[in-house]
Amino acid sequence: MALSGTSRVRRQLPTSPWLFAAPGLLVIGAFVLYPFVSTVVNSFTDRRTLIPGRFVGLANFRELLHDDMFWIGLRNSTLYVLGVVPLLVVLPLLLALLVQKNIPGIAFFRSAFYTPVVASIVVVGLIWVWLLDERGLVNSLLETVGVGRIGFLSDQWLLLLSAMAVTVWKGLGYYMIIYLAALGNVPRELHEAAAVDGAGAVRRFLTVTVPAVRSTMVLVGALSSVAAFKVFSEVYLLAGPSGGPAGEDTTLVMLVQRTGTGLSGRVGYASALSVVVFVVTVALMLLVLRTDRKDEA
């Protein structure tokens with residue numbers, strides 16, 4: 001007896017979803033799960049680039065506690081989070097409020113603000129190096145007005161601040177789009193009711209806009225915190241492989257790259273560093289989410 005079309009579909013349902021999901025699961029397993037498990041396993045070994053290594057337990061993690069470069073990298077990565085995240089939570093929201101208005105020519109400004117997002121980080125880094133170099137455009141203008149040249153890329157703290165500026169400049173457009181989507185869901189009636197009650201623009205922003213996009217601000221805070229703690233390209237391009245003067249601007253991810261690459265790379269020790277970075281980033285996200293839940297309560 002021939003099966004009807006509905007019966008054939010029902011018999012295919014248990015296996016069909018797995019067939020559709022198989023390619024994605026294979027990619028995740030090969031490029032996410034396997035590297036993650038391999039990194040955790042290697043963190044307990046003394047493996048090098050060309051040497052399999054042997055199990056050493058927590059020796060790599062104990063060595064971290066006595067490694068000055070680890071503490072320098074942790075300090076710089078933490079300062080990066082503290083300097084970048086507040087700006088990337090607030091400035092894109094203000095920018096989204098500006099470009100939300102439907103006025104002639106606003107599409108050009110939206111595209112202009114988003115352009116750094118799609119630009120290659122290498123190109124962006126080189127542009128900022130040319131701008132902030134000792135003989136770059138910014139220093140030439142400062143010298144012209146009589147201020148004198150400033151060592152943006154040679155001073156330890158100015159270099160770190162310059163890298164933060166690059167991160168904020170490149171991330172503004174990305175988070176602006178996220179805020180624009182959230183602002184589109186804010187009922188216009190709330191703003192009209194607040195205006196009728198005599199609330200000005202600042203008060204409407206604090207009492208209507210901020211509460212309405214609060215969950216989006218938490219999302220932006222979590223995303224930017226993780227990205228800032230794992231910063232690599234901006235500091236690497238501005239400071240170079242050495243991590244600035246005497247390596248004082250090295251971040252944790254730069255230390256992982258420097259330690260674990262090359263023919264004599266300490267893969268086991270670099271894996272331990274990577275595990276620490278992973279644990280801290282997860283802790284950052286949990287902290288942001290817990291703070292959000294406390295505020296809601």
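Positions are given from 1, in the same order as the sequence printed here.
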For Thr45 versus Asn60, what's the shortest heavy-atom pair and its separation?
O-ND2, 2.7 Å

Results of side chain to side chain donor-acceptor pair (under 3.5 Å) for Tyr236 - residues two or more places apart only:
none

Taking side chain to side chain contact (heavy atoms under 4.5 Å, CB included) as the definition, give me every residue that meets it alongside Val37, ordered by chain and number, with sequence neighbours left out.
Val41

What's the verdict on ring pair (Phe, Tyr, Trp, His ring centres under 6.0 Å) for Phe44 and Phe61, showing C-alpha distance, side-chain angles and the deciding distance?
CA-CA 8 Å; Phe44 298 102; Phe61 295 95; 5.7 Å; yes

Strictly by salt bridge (Lys or Arg N to Asp or Glu O under 4.0 Å), give each pair with a member in residues 32-47 just once, sequence neighbours left out.
Asp46-Arg54

Other residues, nucleotides and ligands only: do more than 12 of their heavy atoms fall within 6.0 Å of CG on Leu263?
no

Answer yes or no: does atom CZ of Phe232 have more than 12 heavy-atom neighbours from other residues, nucleotides or ligands under 6.0 Å?
yes

Only pairs at least two apart or in different chains count here, so list each salt bridge (Lys or Arg N to Asp or Glu O under 4.0 Å) that has a residue in residues 274-289.
none

Near Arg75 CZ, under 6.0 Å, is it more than 12 heavy atoms from other residues, nucleotides or ligands?
yes

Closest non-hydrogen atom pair, Tyr80 against Ala228
CD2-O, 3.7 Å

Crowding at CZ, Phe152 (>12 non-hydrogen neighbours, <6.0 Å)
yes

Is a donor on one side and an acceptor on the other found under 3.5 Å between the side chain of Thr251 and the backbone of Val231?
yes

Taking side chain as C-beta onward, heavy atoms only, is Leu97 less than 4.5 Å from Leu183?
yes

Listed by chain and number, what are the side chain to side chain contact (heavy atoms under 4.5 Å, CB included) partners of Thr250, not counting sequence neighbours?
Met69, Met254, Leu255, Arg258

Can you list the steps and then say if Ser43 with Tyr269 is a side chain to side chain donor-acceptor pair (under 3.5 Å)?
CA-CA 6 Å; Ser43 67; Tyr269 188 68; over 6 Å; no

Take Leu172 and Phe113 through the side chain to side chain contact (heavy atoms under 4.5 Å, CB included) test and state the conclusion after the steps.
CA-CA 7 Å; Leu172 278 176; Phe113 291 136; over 6 Å; no

Grab the two heavy atoms, one from Gly260 and one from Thr49, that are nearest each other, plus how far apart they are.
O-OG1, 4.3 Å

Is Ile106 linked to Phe108 within one hydrophobic cluster, defined over Ile, Leu, Val, Met, Phe, Trp and Tyr using a side-chain heavy-atom separation of less than 4.5 Å?
yes

Nearest heavy-atom neighbours spanning Leu88 and Val220
O-CG1, 3.3 Å

State whether the side chain of Asp249 and the backbone N or O of Asn76 hold a donor-acceptor pair below 3.5 Å, judged by distance alone.
no

Report the residues that fulfil side chain to side chain contact (heavy atoms under 4.5 Å, CB included) with Arg149, sequence neighbours left out, ordered by chain and then residue number.
Glu134, Arg135, Asn139, Ser140, Glu143

Counting C-beta onward and ignoring hydrogens, is there a side-chain heavy-atom pair between Ile121 and Lys170 closer than 4.5 Å?
yes

